[in-house]
Number of protein chains: 2
Amino acid sequence: MKITLKDVANAAGMSVTTVSRALNGFDDVAEITRDHIMHTASELGYAPNLNARRLKTQRADAFGLIVPNEDLRFSDPFFSELLSGIIDQISEYGLELNITTPTEKEQYEEIYLKYIRSRRVDGFILLRTVENDPRIALLQKHNFPFVCFGRSGDASDISFVDEDGETGIRQMIDHLVSLGHTRIGCLAEPRTLIKSRQRVQGYLDGLQAHGLPIDESLIVEGRFRQKSGQESTERLLNHVDPPTAIVAVNDLLAIGAMSAAQERGLVVGKDISITGFDGIPLSEYVTPALTTLHIPAHEMGQQLCKNLVQVMNSNGQERPKTVVQPKLIVRNSTGSAE
Amino acid sequence: MKITLKDVANAAGMSVTTVSRALNGFDDVAEITRDHIMHTASELGYAPNLNARRLKTQRADAFGLIVPNEDLRFSDPFFSELLSGIIDQISEYGLELNITTPTEKEQYEEIYLKYIRSRRVDGFILLRTVENDPRIALLQKHNFPFVCFGRSGDASDISFVDEDGETGIRQMIDHLVSLGHTRIGCLAEPRTLIKSRQRVQGYLDGLQAHGLPIDESLIVEGRFRQKSGQESTERLLNHVDPPTAIVAVNDLLAIGAMSAAQERGLVVGKDISITGFDGIPLSEYVTPALTTLHIPAHEMGQQLCKNLVQVMNSNGQERPKTVVQPKLIVRNSTGSAE
DNA sequence: TATTGACTCCGAAACGTTTCGGGTTATACT
DNA sequence: AGTATAACCCGAAACGTTTCGGAGTCAATA
């Protein structure tokens, strides 16, 4: 049933070696025999046994993506878009993507080790980098190719794809200030995440650039999603001197914030301005439509693969870095103060 | 650098055979030597080379998920949840998930063939089944294990996981009728999809059960997402005798519909009622919150894996079928007619 | 004529497992 | 004492590729 190289060789009256070389495009086989071999191969429905090939070549032709076993994960539409880009590009290259998540009892580190040792993949895409990321340390120690989504502060010379969240949020502050807002709150994610930290930094820089005072009590650190945005916003609205605008570091938080404000009878875009980050498709369809910073998740996913391939092909010599600029999209969730 | 079975055997002073059998839990190795072997193995940081194992055992210990190269895909939050369930369960089993998407030039069928022949995976999870699904025919012909998300009308005895969309929508109609609605529109997906067809059937049955007339012009078939929901809704609202309630077959369509209605100055939940299907997280946070039918995407993803494992373990003898009931969640996007 | 080199082709080893078919002890039973 | 049995262990083959090193032709060159 299963067609092997040997079967093709027999059928074509050639040796296994020649068939292999013909099929793999080596130039030491005559055009006519190559045609003949190709023909009988497809006639028989031959496809190479990848496990044999991988054993022999010591390459898996696959990338690994180990998804943190935490909150967010898949339910973030942004992540979905990113994943979609990764998969498109990987399929384009003819590679495979191997997605896992640590089970309850598994240590985060040991799963990476297992993957490396068992030769399952030959490169990793790292998500959600944190300061002093142990995964980066581990992979560097084993000299294993990887690329990060989001740069890492400490390990500077690694390959990554990231957006310029700092500049993005600064633009957003500019936008709000130009609308007359001077008291601006911020909904942050856990500050261990580098991405979150960058965006909060943009917030601080933005205020400073406009000579506005920094009030720590207007920065609320929560989790990632709507519920958290809702809760944090309630806290901000209960403030003795509540903000007239709220900058959320992602769209889901912003949507939660809108929902909290509307719960109180506030009209978003008029009584209060709320902004997001990421530009997920839904941001356009909530009411009012959300002013946000759009980043091209799909393209970034593709870029992750491209960078990783480059790292691997150069044997770790090259470590391409990609930074994209968020694009401010003004919609109806922001309006002039008062 | 790379530790093989031989290295462990040498270090432990045992044969390769014994080391292999010890590590794989065979009972013809003495407890004491097993302990010794396990110890030296973990000492050396041994992990089996999966490609060698796979070559020998002829199993990949991996499932394939080939994502259609179309519209929807990842950006649907529902799909993300489903995927998350699949991955969790697969990781739990210690298996791998291999996600791909056909590239531009690839035929849909040939990519399945390639996967089967190259021994990459030993089972498939099929998404978005259609009537007379060629993939099902192909896999059955090759006697290859698979499980479908959504049943298939024609091929009855296959393993699947599905929700009872028909009953779900019928409940929704009950709800709307109890609010006094008699003119109810429907936003459908392309009717080639079995899921979509089921839901529309529920709509028709529901109307009929209440003795309401069926007006084909109130059924708009569009694509999958918000934009489509928006456009279709505009058409419905331009109807000479527009509906007072709109049943969308998924939440994204419903959100698009809300946005279109609000654009016209209508108050959703008062001037018009709009309902969704899926119960994605966001449905709770749009304004007004969406009345919808919730289905447990994550659990269904897990169930897909469980069913597939069962199919494989029984050598295709068993073909477990799972149907879950959607749960009606009434929120503020529906209200009494007039 | 002998030599060279280009062009084709092939045998055999190797990648790291699993597993079949035994083999060697030591103990238990006649 | 001899033999059967259990408990433990191992050699070698096999899975299906890739690739190293060579080997045979044939035409062109010296």
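Chain A is the first sequence line, chain B the second, and so forth, proteins listed ahead of strands; every chain is numbered from 1.
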Subject >> Nearest-angstrom distance from the residue atom CZ of A:Phe26 to C1' of D:dT17 >> reply: 12 Å
**OP:** State whether B:Asp122 and B:Arg59 are salt-bridged, where the test is any N-O pair (Lys NZ or Arg NE/NH1/NH2 against Asp/Glu carboxylate O) under 4.0 Å.
**Re:** no
**OP:** Output yes when B:Asp7 and B:Lys2 qualify as a salt bridge under the 4.0 Å nitrogen-oxygen rule, no when they do not.
**Re:** no
**OP:** Would you kindly give the NZ-to-P distance between B:Lys6 and C:dT18, to the nearest whole Å?
**Re:** 15 Å
Original post:
If you take atom types as modelled and just measure distance, does the side chain of B:Ser15 reach the base of D:dG11 with a donor-acceptor pair under 3.5 Å?
Top reply: no
Original post:
Is a side-chain donor or acceptor of B:Arg128 paired with a backbone partner of B:Lys195 at a separation under 3.5 angstrom?
Top reply: no
Original post:
Within the pair B:Thr33 and D:dC9, is there a side-chain N or O less than 4.0 Å away from OP1 or OP2?
Top reply: yes
Subject >> Reported CG-to-CG distance for the pair B:Leu304 and B:Leu127, which is rounded to 0.5 angstrom >> reply: 8.0 Å
**OP:** In whole angstrom, give the distance that lies between atom CZ of B:Arg59 and atom P of C:dT17.
**Re:** 15 Å
Original post:
What nucleic acid atoms does A:Asn49 come within less than 4.0 Å of, heavy atoms only: base, sugar-phosphate, or nothing?
Top reply: sugar-phosphate
**OP:** Please tell me which of B:Arg21 and A:Thr57 maps to the more 5' nucleotide of DNA chain D, matching each residue to the nucleotide holding its nearest heavy atom.
**Re:** B:Arg21
Original post:
Nearest 0.5 Å, what's the CG-CG distance between B:Asp133 and B:Leu126?
Top reply: 6.0 Å
**OP:** Indicate, yes or no, whether a donor-acceptor pair under 3.5 Å links the base of D:dT19 to the side chain of A:Thr17.
**Re:** yes
Original post:
Nearest-Å distance, CG (A:Asp28) to P (D:dG24)?
Top reply: 17 Å
Original post:
Has B:Ser20 got a side-chain N or O lying under 4.0 Å from the OP1 or OP2 atom of C:dT17?
Top reply: no
**OP:** Report yes if a side-chain nitrogen or oxygen of A:Gln58 is closer than 4.0 Å to either non-bridging phosphate oxygen (OP1 or OP2) of C:dA14; otherwise report no.
**Re:** no
**OP:** Mind checking B:Asn24 for me? I need base, sugar-phosphate or nothing, with any heavy atom below 4.0 Å counting as a touch.
**Re:** sugar-phosphate
Original post:
In whole angstroms, how far is the P atom of D:dC8 from the CD1 atom of B:Ile37?
Top reply: 12 Å
Subject >> Nearest listed nucleotide, side chain of A:Leu55, among D:dC9, C:dG16, D:dT17 >> reply: C:dG16
Subject >> Nearest to side-chain heavy atoms of B:Met14, which nucleotide of D:dT19, D:dC10, C:dT17 >> reply: D:dC10
**OP:** Using whole Å, report how far CG of A:Leu5 lies from P of C:dC10.
**Re:** 12 Å
Original post:
Between C:dT17 atom P and B:Tyr46 atom OH, what is the distance in whole Å?
Top reply: 4 Å
Subject >> Length of the NZ-P vector between B:Lys2 and C:dG16, whole Å >> reply: 10 Å
